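All remarks here apply to the structure that follows.
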Amino acid sequence: MADNFCIPNGKTGQTVLVTGGAGYIGSHTCVKLLEAGKEIVVIDNLSNSRRNSIERIKEITGKDFTFYCDDLRDRAALRRIFRSHSISGVIHFAGWKAADESVALPLKYYDNNIVSAVSLLNAMAEHQVKNLVFSSSAAVYGIPHKVPIAEDFPLQPISPYGSTKLMIENILQDLHQADPYWNFVILRYFNPAGAHPSGLIGEDPIGIPSNLVPYITGVAVGRFEKLRVYGSDYPTKDGTCVRDYIHVDDLAEGHLAALAHLEKNRGFSVFNLGTGIGYSVMEVIGAFSKAAGKEIPYEITGRRAGDIPVCYANPYKAGIELLWKAQKGLDQMCRDSWNWQKKNPAGYG
Ligand code: NAD
Ligand code: WQD
């Protein structure tokens, strides 16, 4: 099998366009793509990331690539990018991702996530680029009727953020139905954590983190006084919520597997990317304390609105069809998150 995509109109190319490549998961995926010998081009408007991450990707890999600081909703900018590079496929990470914020500011999410996706797909259609890997989320499942969650479970998002992911999935399905030359792999990530082992790239959300692991690292580095544990009265092993934390490097590998899958199996497919193992908030605090060699001060507070008691993946389908399996466990995620945070107490700033 050739290492490049062959696009039906005869156009061939090897460059992968990575949207949101300066962000947390995007930057780790760019490293893996470059290490695998792929050519990449990155577009990111740096609304939730910093330019330093682009420099760090180049430092880790010793490879160069073109970075465009543009907004995906800028159709003229997209046109320029597609005209300037021989793009064969796209990995679409860019978008807003805070479920709780999306409840307060739904329009912000519908505008950025949906309009960006439609703008990107229009540019791809214009340039006959019809291969896309899309970053979806476990948020599309909402409250599962049972666990582990398989891809064919009901899709009932409970936040506008989750709705944007499901709407984009539906747009992709409609496109594929209208024109089978469109090829899509949808990846539904569970809870990403960890960082590149070099400590050069990692998670650096702008503002106060709403996710558990970056908040814990913020406490460990002295940025926050203590962690608030949202609820200890859930029907779980210790009363705190259970999630499927997955190392960001494993996720990044999942994108390489998705690209390989696109080359061999044209069509529309959906995969969960998770470990299949659920850990409680208290277990994460314990694992992180061990990794960092220090206690993490915390207090138990009331539940956070919209939290799901237990959520973890059935990753069987990705194992069989993508030949992908998460390799790194919770202890490694905590060690790598801590390594990143202690080397970069102020993140990229
Ligand atoms: P991130 O915020 O670190 O990265 C997203 C990047 O997209 C940022 O660099 C941001 O500047 C950029 N961006 C946003 N809107 C843009 C626009 N209109 N034009 C150009 N660039 C834009 O987030 P992440 O954690 O790396 O997540 C990547 C993707 O994975 C997102 O689509 C997110 O919804 C999805 N996802 C994330 C998680 C998670 O918990 N991190 C879980 C499931 C799914
Ligand atoms: C994990 C657990 C909290 C912070 C979110 C999005 C989801 C997906 C992943 C994008 C929960 C608890 C957290 C804190 C805490 N993102 N917690 N104190 O809620 O599973 O999912 O990120 O697609 O769509 O909703 O992740 O990291 O916010 O929370 O006790 O300060 O940690 O209650 O049980 P969540 P999270």
Side-chain angles (χ1 to χ4, degrees), residues 18-29 42-51 53-54 68-74 77-78 91-103 108-109 111-113 115-117 119-120 134-142 157-159 161-162 164-165 168 187-193 202-206 208-216 218-219 224 226-232 234 236 240-246 248 251-252 255 273-274 279-282 284-285 298-312:
V18 183
T19 79
Y24 174 44
I25 307 168
S27 57
H28 288 78
T29 304
V42 172
I43 175 172
D44 196 304
N45 65 2
L46 302 180
S47 55
N48 196 37
S49 51
R50 299 183 201 254
R51 195 177 284 269
S53 70
I54 298 293
Y68 293 93
C69 183
D70 281 308
D71 194 297
L72 277 174
R73 290 163 292 186
D74 180 345
L78 275 183
I91 307 183
H92 180 40
F93 291 104
W96 299 118
K97 63 169 179 178
D100 47 353
E101 185 190 49
S102 78
V103 175
K108 174 174 170 179
Y109 279 71
D111 181 29
N112 194 24
N113 293 6
V115 179
S116 291
S119 167
L120 172 67
F134 172 58
S135 301
S136 189
S137 167
V140 297
Y141 297 113
I158 56 168
S159 68
Y161 163 72
T164 67
K165 291 293 177 190
I168 297 167
L187 300 177
R188 294 180 182 150
Y189 317 148
F190 280 68
N191 288 61
E203 187 167 15
D204 182 25
I206 287 174
I208 295 174
S210 62
N211 290 120
L212 179 64
V213 173
Y215 202 96
I216 292 180
V219 171
F224 309 116
K226 61 184 168 197
L227 173 75
R228 278 170 299 159
V229 175
Y230 298 135
S232 60
Y234 286 98
T236 61
T240 63
C241 293
V242 169
R243 296 289 183 272
D244 186 337
Y245 297 92
I246 172 157
V248 65
L251 273 187
H255 292 76
L273 294 188
Y279 289 104
S280 72
V281 175
M282 295 310 297
V284 176
I285 296 172
Y298 67 87
E299 67 169 328
I300 309 274
T301 68
R303 293 182 175 195
R304 182 172 70 173
D307 265 341
I308 293 159
V310 180
C311 170
Y312 56 91

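All values reported here derive from a predicted model rather than from experimental measurement. Numbering of ligands and ligand atoms starts at 1, following listing order.
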Exercise for review: Verify side-chain hydrogen bond (donor to acceptor under 3.5 Å, both in side chains) between Ser136 and Tyr189, making sure each step is shown before the conclusion.
Suggested key: CA-CA 6 Å; Ser136 189; Tyr189 317 148; over 6 Å; no
Selected option - heavy-atom contact closest to [atom], from [options]:
{"atom": "atom 7 (O) of ligand 1", "options": "Ala94, Pro214, Ser27", "result": "Ala94"}
{"atom": "atom 6 (C) of ligand 1", "options": "Leu46, Asn191, Asp44, Ile43", "result": "Asp44"}
{"atom": "atom 4 (O) of ligand 1", "options": "Gly23, Gly21, Ser135, Ser137", "result": "Gly23"}
{"atom": "atom 15 (N) of ligand 1", "options": "Val140, Asn112, Leu251", "result": "Asn112"}
{"atom": "atom 35 (C) of ligand 1", "options": "Phe190, Tyr24, Tyr161, Phe134", "result": "Tyr161"}
{"atom": "atom 2 (O) of ligand 1", "options": "Val115, Asp71, Asp204, Asn48", "result": "Asn48"}

Inventory of protein N or O atoms under 3.5 Å from ligand 2 N or O:
unit_1	atom_1	unit_2	atom_2	d
ligand 2	18 (N)	Arg228	O	2.7
ligand 2	19 (O)	Arg304	NH2	2.8
ligand 2	20 (O)	Asn191	ND2	3.0
ligand 2	20 (O)	Arg243	NE	2.4
ligand 2	22 (O)	Asn211	ND2	3.0
ligand 2	23 (O)	Ser137	OG	2.7
ligand 2	23 (O)	Tyr161	OH	2.5
ligand 2	26 (O)	Asn191	ND2	3.1
ligand 2	27 (O)	Asn211	ND2	3.2
ligand 2	27 (O)	Leu212	N	2.8
ligand 2	28 (O)	Ser210	O	3.3
ligand 2	28 (O)	Asn211	ND2	3.2
ligand 2	28 (O)	Arg304	NH1	3.4
ligand 2	28 (O)	Arg304	NH2	2.9
ligand 2	29 (O)	Arg304	NH2	3.4
ligand 2	30 (O)	Arg228	O	3.3
ligand 2	30 (O)	Tyr230	N	3.0
ligand 2	33 (O)	Asp307	OD2	2.5

Check your understanding: For the residue pair Tyr215 and Phe224, does the interplanar ring angle fall in the parallel (under 30°), tilted (30 to 60°) or perpendicular (over 60°) class?
Key -> parallel
Point to revise | Ile25/Thr29 under side-chain contact (heavy atoms from CB on, under 4.5 Å): CA gap, chis, key distance, verdict | key: CA-CA 6 Å; Ile25 307 168; Thr29 304; 4.1 Å; yes
Among all protein heavy atoms in this structure, tell me which lies nearest to [atom], with the distance rounded to 0.1 Å.
{"atom": "atom 30 (O) of ligand 1", "answer": "Tyr189 CE1, 3.2 Å"}
{"atom": "atom 31 (C) of ligand 1", "answer": "Phe93 O, 3.0 Å"}
{"atom": "atom 26 (O) of ligand 1", "answer": "Ile25 N, 2.8 Å"}
{"atom": "atom 40 (O) of ligand 1", "answer": "Pro192 CD, 3.3 Å"}
{"atom": "atom 17 (C) of ligand 1", "answer": "Asn45 ND2, 3.3 Å"}
{"atom": "atom 5 (C) of ligand 1", "answer": "Gly95 O, 3.9 Å"}
{"atom": "atom 19 (N) of ligand 1", "answer": "Leu72 N, 3.0 Å"}

Review point. Are any of the side-chain heavy atoms of Ile43 and Leu120 separated by less than 4.5 Å?
Key: no
**Study point:** Non-hydrogen side-chain atoms of Ile216 and Ile285 separated by less than 4.5 Å
**Key:** yes
Review point. So, does Asp74 sit close enough to ligand 1 that a heavy atom of it is under 4.0 Å from the ligand?
Key: no
Exercise for review: Report yes or no: does Ser136 have a heavy atom closer than 4.0 Å to ligand 1?
Suggested key: yes
Can you list the atoms of ligand 1 that are under 4.0 Å from a heavy atom of [X]?
{"X": "Lys97", "result": "2 (O), 3 (O), 23 (O), 24 (P), 25 (O), 33 (C), 34 (O), 41 (N)"}
{"X": "Gly20", "result": "6 (C), 7 (O)"}
{"X": "Asp70", "result": "19 (N), 20 (C)"}
{"X": "Ser116", "result": "18 (N)"}

Exercise for review: May I ask you to identify, for Lys165, whether its side chain, its backbone, both or neither come under 4.0 Å of ligand 1 on a heavy-atom basis?
Suggested key: side chain
For a quick test of reading the model, state the closest non-hydrogen atom pair linking [X] to [Y] and the distance between them.
{"X": "Gly231", "Y": "Thr240", "answer": "O-CG2, 3.6 Å"}
{"X": "Ser159", "Y": "Ser102", "answer": "CB-OG, 3.8 Å"}
{"X": "Ala94", "Y": "Thr19", "answer": "N-OG1, 3.1 Å"}

Review point. Should Asp44 and Arg51 count as an ion pair when the cut-off is N to O under 4.0 Å?
Key: no
Practice item. Answer with yes or no whether the side chains of Glu101 and Tyr161 bring together a donor and an acceptor at under 3.5 Å. Key: no
Check your understanding: Should we say atom OH of Tyr298 is surrounded by more than 12 heavy atoms from elsewhere, each under 6.0 Å from it?
Key -> no
Show the atom names and distances, to 0.1 Å, of all donor-acceptor pairs under 3.5 Å that link a side chain in residues 300-312 to residues at least two apart or in another chain.
unit_1	atom_1	unit_2	atom_2	d
Thr301	OG1	Val229	O	3.4
Arg303	NE	Asp233	OD1	2.9
Arg303	NH2	Asp233	O	3.1
Arg304	NE	Asp307	OD1	3.3
Arg304	NE	Asp307	OD2	3.2
Arg304	NH1	Ser210	O	3.1
Arg304	NH2	Asp307	OD1	3.1

**Study point:** Within the 6.0 Å centroid threshold, strictly below: Tyr245 and Phe190
**Key:** no
Check your understanding: Glu203 to ligand 1: N or O pair under 3.5 Å?
Key -> no
Check your understanding: Ser47 to ligand 1: N or O pair under 3.5 Å?
Key -> yes
Check your understanding: Asn211 side chain to Val213 main-chain N or O, any donor-acceptor pair under 3.5 Å?
Key -> no
**Study point:** Value rounded to 0.5 Å, distance of NZ in Lys97 from OH in Tyr24
**Key:** 8.0 Å
